[in-house]
Enquirer: 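Take this structure first; my questions come after.
Because the structure is predicted, anything quoted here is derived from the model rather than measured.
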Amino acid sequence: MSTLQVPASVPSASQDSEQLRKAFAGWGTNEDLIISILAHRNAVQRKLIQQSYKETYGVDLLKDLDKELSSDFERAVLLWTLDPAERDTILANEATKRWTSSNQVIMEIACTRSSRELFLVRQAYHARFKRSLEEDVAHHTSGDFRKLLVPLVSSYRYEGPEVNMTLAKHEAKILHEKIKDKAYNDEEIIRILSTRSKAQLNATFNHYNNEFGNAINKDLKTDPKNDFLALLRATVKCLTLPEKYFEKVLRMAINKMGTDEWALTRVVTTRAEVDMQQIKEEYYKRNSVPLDKAISNDTSGDYEAMLLALIGHGKS
């Protein structure tokens, strides 16, 4: 469920682009006006605004935003304004260049987007960087991480509800044997995680739990310091309970000694139109604090206003 608050009657794209142009005019930038427009338009509307802006003023709206805004607020506005596949392309490319938590970002894009969305990301990546996403992921990872991430970003899963229970039982048994033998990087584990539909995986993991008495992620927790195991657990979570995964990313981003704005901005901009309502509910359940309060306590100014608008707490 989306938290995006779009007004009942939305101005035309040309009216919106005219207002944005006004927001950039004069001595200071009118940040409130930018938020009041962009944070309350869906992906289709934002794309039309970009087209209209380009046609009317001969400049890319993103370039003007980049020129007028700065720091975390700028990043949030730019990521949000981008087409979702373009946004994921930028995030994935950044992740291949960063050492911290970058594997997780690549896995997150591969596992929480639909097959069609992931296909569009691969297309957009190819068009923008003249290389394939798989190529860059393979180049910037190694060992077990590469073994898992390349098939994940390459996958095109079946999206329907049909489940084969015989297969679920059989594969739950395979997973259990491999995990029991600590063969965490086994090809069979990677094959199951990177090819099966989400409905099929849910059935397999449920059977695993019923048959062997533990949730699969509990059995994958044998070594808390093992980064590959952490990535495997996050993969299972992303494929089956994305709202729990994103709640944890937000909790870690906000509850650290300093805020991880990189992670906070990424989750809010990528999930606002998808499942932010469930993530907010999960956050409250886990932390007894509403997400908007947690964000307000940790951020300020235009950046705070933009994030709050996207999670459905801003002024529309």
Enquirer: Restricting to non-hydrogen atoms, name the atom on Met107 and the atom on Leu152 that form the minimum distance, rounded to 0.1 Å.
Expert: CG-CD1, 4.0 Å
Enquirer: So do the side chains of Arg41 and Ile49 get within less than 4.5 Å of each other, counting heavy atoms only?
Expert: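 They are in side-chain contact.
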Enquirer: Assess the residue pair Asn202 and Lys198 against the criterion (side chain to side chain donor-acceptor pair (under 3.5 Å)); give the C-alpha distance rounded to whole Å, side-chain angles, the decisive distance to 0.1 Å, and a yes or no.
Expert: CA-CA 6 Å; Asn202 259 311; Lys198 291 171 187 181; over 6 Å; no
Enquirer: Ignoring hydrogens, what is the shortest heavy-atom contact between Ala199 and Pro161? Give both atom names and the distance.
Expert: CB-O, 4.0 Å
Enquirer: Would you say Thr112 and Asp275 make side-chain contact, with heavy atoms under 4.5 Å?
Expert: no
Enquirer: Same cluster or not: are Tyr158 and Leu193 linked, directly or through other Ile, Leu, Val, Met, Phe, Trp or Tyr residues, by side-chain heavy atoms under 4.5 angstrom apart?
Expert: no
Enquirer: Under a 3.5 Å cutoff, is there a donor and acceptor pairing between the side chains of Asn217 and Lys221?
Expert: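 No, because no side-chain N or O of Asn217 sits under 3.5 Å from a partner of the opposite role on Lys221.
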Enquirer: Working to the nearest 0.5 angstrom, can you tell me the gap between Lys169 NZ and Met165 CE?
Expert: 6.0 Å
Enquirer: Heavy atoms, side chains only, cut-off 4.5 Å: are Lys280 and Pro290 in contact?
Expert: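 The answer is no, as the side chains (C-beta and beyond) never meet within the 4.5 Å cut-off.
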Enquirer: Could you tell me whether the side chain of Leu264 reaches within less than 4.5 Å of the side chain of Asp298, counting heavy atoms only?
Expert: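 With C-beta onward as the side chain, the pair stays apart.
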Enquirer: With Tyr184, which of Asn226, Asp223, Thr222 fulfils side chain to side chain donor-acceptor pair (under 3.5 Å)?
Expert: Thr222
Enquirer: Rounded to the nearest 0.5 Å, what separation is found between the CG atom of Leu20 and the CD1 atom of Ile37?
Expert: 4.0 Å
Enquirer: Going by atom types only, do Glu171 and Thr204 share a side-chain donor-acceptor pair under 3.5 Å?
Expert: no
Enquirer: Check the surroundings of atom CZ in Phe119: do more than 12 heavy atoms from other residues, nucleotides or ligands lie under 6.0 Å from it?
Expert: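 Counting neighbours around CZ of Phe119, 12 or fewer heavy atoms of other residues, nucleotides or ligands fall under 6.0 Å, so no.
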Enquirer: Without swapping roles, check the side chain of His40 against the backbone of Gln5 for a donor-acceptor pair under 3.5 Å.
Expert: yes
Enquirer: When you look at Ile34 and Leu69, which way does the side chain to side chain contact (heavy atoms under 4.5 Å, CB included) test go after all the steps?
Expert: CA-CA 10 Å; Ile34 293 170; Leu69 311 178; 3.9 Å; yes
Enquirer: Would the distance check show the side chain of Arg46 and the main-chain N or O of Asp83 forming a donor-acceptor pair, the cut-off being under 3.5 Å?
Expert: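 Looks like no, no N/O pair under 3.5 Å.
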Enquirer: Measure the shortest side-chain to side-chain distance between Tyr53 and Asp60 over non-hydrogen atoms and say whether it is less than 4.5 angstrom.
Expert: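 No. Closest side-chain heavy atoms not under 4.5 Å.
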Enquirer: Hey, is the main chain of Gln45 close enough, under 3.5 Å, to the side chain of Asn42 for a donor-acceptor pair?
Expert: yes
Enquirer: Looking at Asp16, is its backbone amide N or carbonyl O close enough to the side chain of Gln19 to form a donor-acceptor pair, meaning the two atoms are under 3.5 Å apart?
Expert: no
Enquirer: Do the side chains of Met306 and Asp72 get nearer than 4.5 Å, heavy atoms only?
Expert: no
Enquirer: Heavy atoms only: give me the nearest Ser155-Leu118 pair and the separation to one decimal.
Expert: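 It is O-CD2, 3.7 Å.
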Enquirer: Does Glu282 come within less than 4.0 Å of Arg251, counting only side-chain N to carboxylate O?
Expert: no
Enquirer: Could you list the residues that satisfy salt bridge (charged side-chain N to carboxylate O under 4.0 Å, His left out) with Glu94, not counting sequence neighbours?
Expert: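 Residues passing salt bridge (charged side-chain N to carboxylate O under 4.0 Å, His left out) with Glu94: Arg75.
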Enquirer: With rounding to the nearest 0.5 angstrom, report the NZ to OG1 distance, Lys22 to Thr29.
Expert: 15.5 Å
Enquirer: Heavy atoms only: give me the nearest Arg196-Arg157 pair and the separation to one decimal.
Expert: O-NH1, 2.7 Å
Enquirer: Taking the basic N atoms (NZ, or NE/NH1/NH2) and the acidic carboxylate oxygens, is any pair closer than 4.0 Å for Glu177 and Lys173?
Expert: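 Here Glu177 pairs with Lys173 in a salt bridge, since their nearest N and O are under 4.0 Å apart.
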Enquirer: Should Met1 and Gln278 count as side-chain neighbours, where that means a heavy-atom distance under 4.5 Å?
Expert: yes
Enquirer: Under 4.5 Å between side-chain heavy atoms, counting indirect links through other Ile/Leu/Val/Met/Phe/Trp/Tyr residues: same cluster for Leu241 and Ile109 or not?
Expert: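 Each belongs to a different hydrophobic cluster.
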Enquirer: Is Glu159 salt-bridged to Arg116, going by a charged N under 4.0 Å from an acidic O?
Expert: no
Enquirer: For Thr265 and Tyr303, run side chain to side chain donor-acceptor pair (under 3.5 Å): C-alpha distance rounded to whole Å, both residues' side-chain angles, the deciding distance at 0.1 Å, then the answer.
Expert: CA-CA 9 Å; Thr265 302; Tyr303 178 53; 2.7 Å; yes
Enquirer: Have a look at Val77 and tell me which of Leu62, Asp302, Leu65 forms a side-chain contact (heavy atoms from CB on, under 4.5 Å) with it.
Expert: Leu65
Enquirer: Does Thr269 reach the side chain of Leu307, with side-chain heavy atoms less than 4.5 Å apart?
Expert: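 Not touching, per the 4.5 Å side-chain cut-off.
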Enquirer: Got a second to check how far His170's NE2 is from Ile192's CD1, nearest 0.5 Å?
Expert: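 Answer for the NE2-CD1 pair, His170 versus Ile192, is 7.5 Å.
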Enquirer: Checking Arg271 side chain against Met276 main chain: does a donor-acceptor pair fall under 3.5 Å?
Expert: no
Enquirer: Rounded at 0.5 Å granularity, tell me how far CG in Leu78 sits from CZ in Phe73.
Expert: 9.5 Å
Enquirer: Do you reckon Val59 sits in the same ILVMFWY cluster as Leu61, going by side-chain contacts under 4.5 Å, direct or chained?
Expert: yes
Enquirer: Please determine whether the number of non-hydrogen atoms from other residues, nucleotides or ligands lying under 6.0 Å from atom NZ of Lys147 exceeds 12.
Expert: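 Counting other residues, nucleotides and ligands, NZ of Lys147 exceeds 12 neighbours.
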Enquirer: Without hydrogens or angle criteria, can the side chains of Tyr208 and Asp219 be said to hold a donor-acceptor pair below 3.5 Å?
Expert: yes
Enquirer: Check whether Val274 and Leu79 end up in the same hydrophobic cluster, where Ile, Leu, Val, Met, Phe, Trp and Tyr are linked by side-chain heavy atoms less than 4.5 Å apart.
Expert: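 No, Val274 does not connect to Leu79 through the hydrophobic network.
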Enquirer: Taking the six-membered ring where the residue is Trp, are the ring centres of Phe228 and Phe145 under 6.0 Å apart?
Expert: yes
Enquirer: So among Leu201, Asn209, Asn206, Val236, which one has a side-chain contact (heavy atoms from CB on, under 4.5 Å) with Ile216?
Expert: Val236
Enquirer: Do Ser296 and Glu304 pass the side chain to side chain donor-acceptor pair (under 3.5 Å) test, and can you show the C-alpha distance, the side-chain angles, and the key distance before you say yes or no?
Expert: CA-CA 6 Å; Ser296 277; Glu304 176 195 357; 2.9 Å; yes
Enquirer: Report yes or no: do Ser12 and Gln15 form a side-chain donor-acceptor pair below 3.5 Å?
Expert: yes
Enquirer: Quick one: do Arg21 and Glu18 satisfy salt bridge (charged side-chain N to carboxylate O under 4.0 Å, His left out)? Show the steps, please.
Expert: CA-CA 5 Å; Arg21 188 72 171 183; Glu18 194 183 321; over 6 Å; no
Enquirer: May I ask you to check whether over 12 heavy atoms, not counting those of Tyr284, lie within 6.0 Å of atom OH?
Expert: no
Enquirer: Report yes or no: do Tyr57 and Leu48 belong to one cluster of Ile/Leu/Val/Met/Phe/Trp/Tyr joined by side chain heavy-atom distances under 4.5 Å?
Expert: no
Enquirer: Ignoring hydrogens and angles, tell me if any N or O in the side chain of Arg146 forms a donor-acceptor pair with the backbone of Thr141 under 3.5 Å.
Expert: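 Yes; at least one donor-acceptor contact below 3.5 Å.
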Enquirer: Could you tell me if Asn287 and Glu247 have a donor-acceptor pair between their side chains, going purely by distance under 3.5 Å?
Expert: yes
Enquirer: Provide the closest heavy-atom pair for Arg87 versus Leu82 in the form atom of the first, atom of the second, distance.
Expert: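 The answer is NH2-O, 3.6 Å.
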Enquirer: To check you understand the geometry: which heavy-atom pair defines the closest contact between Ala172 and Phe212, and what is its length?
Expert: O-CE1, 3.7 Å
Enquirer: Can any side-chain N or O of Glu273 pair as donor or acceptor with the backbone N or O of Ala43 at less than 3.5 Å?
Expert: yes
Enquirer: Between Arg286 and Lys244 (side chain of the first, backbone of the second, donor and acceptor by atom type, cut-off under 3.5 Å), is there such a pair?
Expert: no
Enquirer: Determine whether the side chains of Tyr125 and Asp136 contain a donor N or O and an acceptor N or O closer than 3.5 Å.
Expert: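 There is such a pair (donor and acceptor under 3.5 Å, judged by atom type) between the side chains of Tyr125 and Asp136.
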Enquirer: For Glu187, does the CD atom have more than 12 heavy-atom neighbours from other residues, nucleotides or ligands under 6.0 Å away?
Expert: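 12 or below, so no.
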Enquirer: Any sub-3.5 Å donor-acceptor pair from Lys130's side-chain atoms to Ala127's backbone N or O?
Expert: yes
